[in-house]
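To start, the structure under review is shown below, and the notes come after it.
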Protein chains: 2
Amino acid sequence: MELRHIRYFLAVAEELNFTRAAARMGIGQPPLSQQIKDLENEVGVKLFHRIPQGAELTEAGQAFLEKVKGVPDLVQDAVQSAQRAGRGETGTLNLGMTGTAALQPYFTDAIRRFRRSFPDVELTLEEANSVGLINGLMDGRLDVAILRPNATDPEELQKYQLLEEPLVIALPEAWASSDSSMALVTLRDAPLVLTPRKVGITLHDEALRACRDAGFEPVIGQSAPQIASIMSMVAAELGFSLVPASMQQLQVQGVVFRAISGEAPLIGLTLAHRRIGASRITLNFVQLLRQLAPTYASQVEPLEK
Amino acid sequence: MELRHIRYFLAVAEELNFTRAAARMGIGQPPLSQQIKDLENEVGVKLFHRIPQGAELTEAGQAFLEKVKGVPDLVQDAVQSAQRAGRGETGTLNLGMTGTAALQPYFTDAIRRFRRSFPDVELTLEEANSVGLINGLMDGRLDVAILRPNATDPEELQKYQLLEEPLVIALPEAWASSDSSMALVTLRDAPLVLTPRKVGITLHDEALRACRDAGFEPVIGQSAPQIASIMSMVAAELGFSLVPASMQQLQVQGVVFRAISGEAPLIGLTLAHRRIGASRITLNFVQLLRQLAPTYASQVEPLEK
DNA sequence: TTCACTCCATCTCCAAAACATATCGAATTC
DNA sequence: GAATTCGATATGTTTTGGAGATGGAGTGAA
């Protein structure tokens, strides 16, 4: 049996007239009769009573109708599902991100826009450190990740720079002057609190480089894996830290932020996905984030008010 | 699109290998590739990634699979439903019966057996008088009826005599002797309580004829449309009645039954259905009742103990 | 009753399409 | 690097879905 038989059967069942049903299906009456006959032979029962006025359903025909009437719509629905999935409008997107990305207004806005544009995509969000993100991408657990770029990232990953933001100084309120910016070198004797290098290579290295560029080797203080813990340590006057400007969103009691005077070191936020095997959903997500990035570029200017 | 495409798609989706899927479908690999290609063109998306080890589903393919995987079973189910309906195992049977049939052990047993043999047939039971039953059959409201036969029944109806039972005398307990049978003529001066003629022609006429055969013209007493009401009247000593032997099932206080001595008049119970347009279910029902009838023939002997 | 009409079945022919066979090219494995 | 696996392509054959013409049964009107 083929779908053709079902379509023809449904047409006859609806018209109760072979000639009209044939016209509706765009074929002649003889082939329609033939196909219905073939169907009846295959099922093994007469599905229509042929009466002078046309045709009427037998009991078997009624039972058959009841079961198959939804089939064409079901198939059509399947086609649409496939097409939607093909356009990346349905499915799942496993997104990984570095801890310092979640506070970006750009990032939260992007997620919100994506959910509105692709409401049927199941989005899973996972926070991990750089190594975890890269591994996740490589073994397929993640489709796309937002992270701090590093030169050692594998070649198999396609990366796009979304935006750059300056590092700013986070220091205990008690240490700060009223100036909105300060020279890094004034903190040369204070401990520098950072995330461990293996958790966030880029941020760690950039912070150190900034100090060296300012002409001193920093005193490494305590470390903590979470950016929030870093802030707590600064609030406890265990030292100062260098963090992406967007971290100013974190309003931690006892911590103030100051721009680095002079040329502030910039740290990027990039998006990465596998070069091969990227799903259409992934590409849709990437496209949306890249389109949105310029809108936020102005907001990442150095802090000078 | 045809069911063939869906079947082939499902085979490849399961085997994840064109060659094996083709073998399973009993065709060569090239035509299978061709059909899948046609399907992909029609849907408008690639459904499989062709990889060196075989094939794997794309996201669109997964979505499509999810929707169509039940289709072949659905169609198979439809075929079976039609076949079962064709064999008269499903559907509805509208059964009408005369009021005096419901008490027949034969009848209740037949209904029970039918329900066991055809549990998926929806059986509707309707009690009506002879005229109502005949009309119901003729206008299609009833498929089959169990009634008292009458010579004026339409030719379009096929009738089968199921069994015959003698008429017995129902009389007030106070009037009865201890004999198990009595001559009808001894009641020549008592009123005869009957259903109105238009409600039950056959029973009415047979009762009158029995009296005339016994040599007297009965005194017609009150009438009531329901057999139960007749019994109440007899219990109230308003007269006697002549009823089918199976009515003895009705244990009415104050009413006793006596066989008619000599040759008792017989009254038949027949089954009727339309000669044309009888459903397979109807025929199954008729066959079952006719098979069962001889079993009960012995139980309708005259009352002589 | 007859004639016209409706409607489905049957027959023949043709073109489209499903399938088979042979072959190729790419990727993998030993 | 040869053998193997696996899907794609090219070409020929067979099947079959559909068109067109015709037939036969039933219905309704003159």
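Quick note: numbers below take in every heavy atom, side chains included, and nothing from hydrogens, waters or symmetry partners. Here is how names work: the chains are called A, B, and so on, in the same order as the sequence lines, proteins then strands, and each is numbered from 1.
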Please produce a list of atom pairs where a protein N or O lies less than 3.5 Å from an N or O of nucleotides 17-23 of chain C.
from: C/dA18; atom 1: OP2; to: B/Gln35; atom 2: NE2; distance (Å): 3.1
from: C/dA18; atom 1: O5'; to: B/Arg4; atom 2: NH1; distance (Å): 3.4
from: C/dA18; atom 1: O5'; to: B/Gln35; atom 2: NE2; distance (Å): 3.3
from: C/dC19; atom 1: OP1; to: B/Tyr8; atom 2: OH; distance (Å): 2.9
from: C/dC19; atom 1: OP2; to: B/Tyr8; atom 2: OH; distance (Å): 3.4
from: C/dA20; atom 1: OP2; to: B/Gly28; atom 2: N; distance (Å): 2.5

Between [N] atom [atom2] and [X] atom [atom1], what is the distance in whole Å?
{"X": "A/Ile51", "N": "C/dC7", "atom1": "CD1", "atom2": "P", "value": "11 Å"}
{"X": "A/Ile36", "N": "D/dG17", "atom1": "CD1", "atom2": "C1'", "value": "14 Å"}
{"X": "A/Arg50", "N": "C/dC7", "atom1": "CZ", "atom2": "P", "value": "15 Å"}
{"X": "B/Phe48", "N": "D/dA8", "atom1": "CZ", "atom2": "C1'", "value": "16 Å"}
{"X": "A/Leu39", "N": "C/dC8", "atom1": "CG", "atom2": "P", "value": "16 Å"}
{"X": "A/Gln34", "N": "C/dT12", "atom1": "CD", "atom2": "P", "value": "13 Å"}
{"X": "B/Lys46", "N": "D/dG7", "atom1": "NZ", "atom2": "P", "value": "14 Å"}

Can you tell me if B/His5 and B/Gln35 form a side-chain donor-acceptor pair at under 3.5 Å?
-> yes
Strictly below 4.0 Å, N to O, side chains only: are [X] and [Y] in salt-bridge contact?
{"X": "B/Arg7", "Y": "B/Glu2", "result": "no"}
{"X": "B/Arg275", "Y": "B/Glu156", "result": "no"}
{"X": "A/Glu14", "Y": "A/Arg20", "result": "no"}

Using only side-chain N and O atoms of [X], determine if any of them is under 4.0 Å from OP1 or OP2 of [N].
{"X": "A/Asn17", "N": "C/dC8", "result": "yes"}
{"X": "B/Ser33", "N": "D/dA8", "result": "yes"}
{"X": "A/Lys37", "N": "C/dC8", "result": "no"}

If you pin B/Thr19 and A/Gln53 to their nearest nucleotides in DNA chain D, which one's is more 5'?
-> B/Thr19
Any B/Gln83 side-chain heavy atom under 4.5 Å of A/Val45 side chain | yes
For residues B/Met1 and B/Leu39, determine if any side-chain heavy atom of one lies less than 4.5 Å from a side-chain heavy atom of the other.
-> yes
Taking the six-membered ring for Trp, are A/Phe48 and A/Phe9 parallel (under 30°), tilted (30 to 60°) or perpendicular (over 60°)?
->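 Ring orientation of A/Phe48 relative to A/Phe9: tilted.
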